[in-house]
There are 2 protein chains.
Amino acid sequence: MAERPKLSYVVREGDRPNEVSVLLAGFAQRQKHTSEGTRQIMAFSLPGDPLDFECLFLDEADFSVQMAVTGMIACVRTEAIKSLLHDRRELGQAIERTLLADASVAREWVVNVGRRDARRRVAHLLCELLVRAKAQQIETSLFELPFTQEQLADATGLTPIHINRILRQLTTDGAIRRSGRMITVPDWERLREIADFDERFLHMKRAS
Amino acid sequence: MAERPKLSYVVREGDRPNEVSVLLAGFAQRQKHTSEGTRQIMAFSLPGDPLDFECLFLDEADFSVQMAVTGMIACVRTEAIKSLLHDRRELGQAIERTLLADASVAREWVVNVGRRDARRRVAHLLCELLVRAKAQQIETSLFELPFTQEQLADATGLTPIHINRILRQLTTDGAIRRSGRMITVPDWERLREIADFDERFLHMKRAS
DNA sequence: CGGCCATTTGACGCCTTTCAAAAGGTGTGG
DNA sequence: CCACACCTTTTGAAAGGCGTCAAATGGCCG
């Protein structure tokens, strides 16, 4: 249970942490850097999401986790979780499902950056964030994006300049409305159609 | 233990299979289709790889598996594996590690298609395939690619035409040599450098 | 040998990047 | 409360990487 300032790293690629964490408040991002220094974000974490549970089973972290805004995380010693896993099998199943759902999202991101143009790509990311935020009861149709356009660029494999142009285009097309970083979706079906979005890849439970 | 013809599907997106399979011979690919019909491959499977074990824990498959060439797979009823998992904890850990290594590869693919240009992207894919093939003792520096240029394109988010140009460029640069689909790597370090390749994301065991 | 598919090559166009700079916002210190 | 510094957003112009279109070549199998 510790406050984490904006931009602080929770895990760095190559770490072998002896504790894992859950995001309680704020937003975080999973990312990697290429040797040239460019960054690729491969997931945004919302409150309630585990941040680095794969470290429970893999030797070293293959990605970094950085806070996107100031937030709060809960840390648990890996020993504690492992002994819990030893006692309660259903907990292991739950973690397993979460990790594999994360993996499914990563696969969808491969599709997103590999086969969708900038417009669909951004719309798809917005859809994912909206659906996940709704599932966490964060808010509904209007949605405060805590991310800068540079972060959105690194998440979609685009440049911040182009993100800006795409957001403007989506706005003039009526698919979204913006004021500051607040984004409203007046026509959800419209955005979903633009994005080619099918939320099954999120593997969310209906009513758990 | 069944032979599978080229292009046959092992799993389709949305399936809820009651058996899972391991690739014994040949090559397979994991893929998704967008609503426009374009395809994105997100993993190539080599002999020895489990093809769809995530179905053990998730409700429905979020990707399809298709044979890239005629090959052989072994099918196991999910019930059988689950009861095995119940008895032998170390088996569960092994499967867990495999699944999470797959997830790590998917994340690296996000980086690949998101932040590397065509030349690095293709080189990175070749590096991954070579390292994994070597680990399976398939062959060493020379490597028969069973994949068409169209498949390589769908794996890298490019077009087959551009794959062709990149392969030619890598050839004239001396990074690879080709005859037919056989690819030789005369200078491994060279290709690795071009690719910005660091094999840690594969999470392979040193000597298991 | 003929049909079909994969590979190869060229010309052209466009989506996205790069480069550059202005404008808007925000926090800190005087 | 203002001023300054810094970051983010916005806009424009030009370049380039990759896609699209089209067609020729090559290889495999019946």
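When reading the values below, keep in mind they use all heavy atoms of this one structure, side chains included, and skip hydrogens, waters and symmetry mates. In what follows, chains are A, B, ... by sequence order, proteins preceding strands, each numbered from 1.
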Visitor: May I ask you to evaluate whether Thr159(B) reaches the phosphate of dG19(D), defined as a side-chain N or O under 4.0 Å from OP1 or OP2?
Guide: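 The answer is yes; a side-chain N or O of Thr159(B) sits under 4.0 Å from OP1 or OP2.
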
Visitor: Measuring only between side-chain heavy atoms, which start at C-beta, is Glu108(A) closer than 4.5 Å to Glu128(A)?
Guide: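 No, too far: nothing below the 4.5 Å cut-off.
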
Visitor: Would you compute the distance between atom CG of Leu191(B) and atom CD of Glu189(B) and round it to the nearest 0.5 angstrom?
Guide: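 Those atoms lie 10.0 Å apart.
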
Visitor: Can you check whether Gln151(B) has a side-chain N or O nearer than 4.0 Å to OP1 or OP2 of dA6(C)?
Guide: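 Negative; the distance criterion is not met.
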
Visitor: May I have the distance from Leu170(B) (atom CG) to dT8(C) (atom P), rounded to whole angstrom?
Guide: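 Atom-to-atom, Leu170(B) to dT8(C), this comes out as 13 Å.
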
Visitor: Does Glu199(B) form a salt bridge (Lys or Arg N to Asp or Glu O under 4.0 Å) with Arg192(B)? I'd like the steps, not just the answer.
Guide: CA-CA 10 Å; Glu199(B) 68 201 72; Arg192(B) 175 194 289 269; 3.1 Å; yes

Visitor: May I ask you to say what Arg165(A) touches in the nucleic acid, namely base, sugar-phosphate or nothing, with a heavy-atom cut-off under 4.0 Å?
Guide: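 The residue Arg165(A) makes base contact.
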
Visitor: With the side chain of His162(A) defined as its heavy atoms from C-beta on, choose the nearest nucleotide among dT16(C), dT8(D), dA11(C).
Guide: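 Of the candidates, dT16(C) comes closest.
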
Visitor: Other residues, nucleotides and ligands only: do more than 12 of their heavy atoms fall within 6.0 Å of CZ on Arg178(A)?
Guide: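 More than 12 within 6.0 Å, yes.
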
Visitor: Nearest heavy atom decides the nucleotide; on that basis, is Arg168(B) or Lys6(B) closer to the 5' end of DNA chain C?
Guide: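 By nearest-heavy-atom nucleotide position, the 5'-most residue is Lys6(B).
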
Visitor: Rounded to whole angstroms, how far apart are CZ on Arg181(A) and P on dC7(D)?
Guide: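 After rounding, the gap between these two atoms is 14 Å.
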
Visitor: Closest to the Glu150(A) side chain: dA6(C), dC18(D), dT8(D)?
Guide: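 It is dT8(D).
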
Visitor: When the distance from CD1 of Ile161(A) to P of dA22(C) is rounded to whole Å, what number comes out?
Guide: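 Going from Ile161(A) (CD1) to dA22(C) (P), I get 16 Å.
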
Visitor: Is the distance from OP1 or OP2 of dC15(C) to the nearest side-chain N or O of Arg119(A) less than 4.0 Å?
Guide: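 Answer is no, no contact under 4.0 Å.
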
Visitor: In whole angstrom, give the distance that lies between atom CD of Gln169(A) and atom P of dC15(C).
Guide: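 From Gln169(A) CD to dC15(C) P: 10 Å.
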
Visitor: Whole angstrom is fine here: how far is it from CE in Met182(B) over to P in dT7(C)?
Guide: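 My rounded result for the distance is 15 Å.
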
Visitor: CD of Glu60(B): more than 12 outside heavy atoms within 6.0 angstrom?
Guide: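 Yes, enclosed.
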
Visitor: Mind calculating the distance between CG (Asn164(A)) and P (dG12(D)) to the nearest angstrom?
Guide: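 Those two atoms, CG and P, are 11 Å apart.
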
Visitor: Rounded to whole Å, how long is the line connecting atom CZ of Arg178(A) with atom P of dG24(C)?
Guide: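 In whole Å, dG24(C) P and Arg178(A) CZ are 15 Å from each other.
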
Visitor: So which nucleotide from dT8(C), dT16(C), dT8(D) ends up closest to the side chain of Leu158(A)?
Guide: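 Of the candidates, dT16(C) comes closest.
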
Visitor: Could you state the CD1-P distance from Ile163(B) to dT9(C), rounded to the nearest angstrom?
Guide: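 So the two atoms are 15 Å apart, to the nearest Å.
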
